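To start, the structure under review is shown below, and the notes come after it.
Along the sequence shown, the residues carry numbers beginning at 1. Both counts, for ligands and for their atoms, begin at 1 and track the order of listing. Since we're looking at a predicted model, the values are computed, not measured.
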Amino acid sequence: MSNQFTPNNPLPQEAPVPEELATFSPEVEAEIERHLAKYPVKRSAILPLMFIVQRERGYLDPPGVAYLADRLGVRVTDIWEVATFYTMINTQPVGKYHLQICKTLSCKIMGEPQITERACQQLGIQPGETTPDGLFSVSLVECLGSCGTAPMMQIGFDFHENLTTQQVDELIVRCRNGQLSNGVR
Ligand code: FES
């Protein structure tokens, strides 16, 4: 699941030193407390808390990272190390709909290059970029564990499998029409 070398999730040149900690509503704080209460060791809640911060702030920004380090009692660098390992954690702003196209062997053999080309052509961007209106990002990611239904991509938390270029067009239209989940539930 490592994607630390993809354009969308680069390893920071140096861990930013945040000037402020993110703040959240009482409801979100309560949600965070519920997750923390599940684990005897606070740092074990790192992934669920990362998802919450990402959901609330759009991506893992430096104040969000500082908040996590503070709540979990770890170093900022520890947070970045985990954040840059996982495809599903964004360390840069992404569009409302994040098209994560699997570029690993099965998907590549079964048509990933055509899928990527079609998505990029339709959106006028390259992998690792976001459309000017902020609606779409495209990333190439490592195997998402759905090799038997290659080629595939993930949008939000949903897999879209056995893709054809026509289905790529249809998915983009469904996103534009608000008919697909972007993972913010
Ligand atoms: S190779 Fe694409 S999901 Fe495994």
Worksheet item: Which atom pair, heavy atoms only, marks the closest approach of C120 to I125?
Response: CB-O, 2.9 Å
Worksheet entry | ring pair (Phe, Tyr, Trp, His ring centres under 6.0 Å) pairs, two or more places apart, involving residues 26-62 | none
Fill in: With sequence neighbours excluded, residues passing salt bridge (charged side-chain N to carboxylate O under 4.0 Å, His left out) with R176
none
Worksheet entry | E33 vs K38, salt bridge (Lys or Arg N to Asp or Glu O under 4.0 Å): CA-CA, chis, key distance, verdict | CA-CA 9 Å; E33 285 296 338; K38 293 179 193 168; over 6 Å; no
Worksheet item: Do side-chain atoms of Y97 reach the backbone of V138 as a donor and acceptor pair under 3.5 angstrom?
Response: no
Validation: residues 168-175 side-chain donor-acceptor distances under 3.5 Å, sequence neighbours left out:
residue : atom : partner : partner atom : Å
D169    : OD1  : R118    : NE           : 3.0
D169    : OD1  : Q122    : NE2          : 3.1
D169    : OD2  : R118    : NE           : 3.3
D169    : OD2  : R118    : NH2          : 2.7
E170    : OE2  : Q166    : NE2          : 3.1

Worksheet item: What count do you get for protein N/O/S atoms less than 2.8 Å from atom 4 (Fe) of ligand 1?
Response: 2
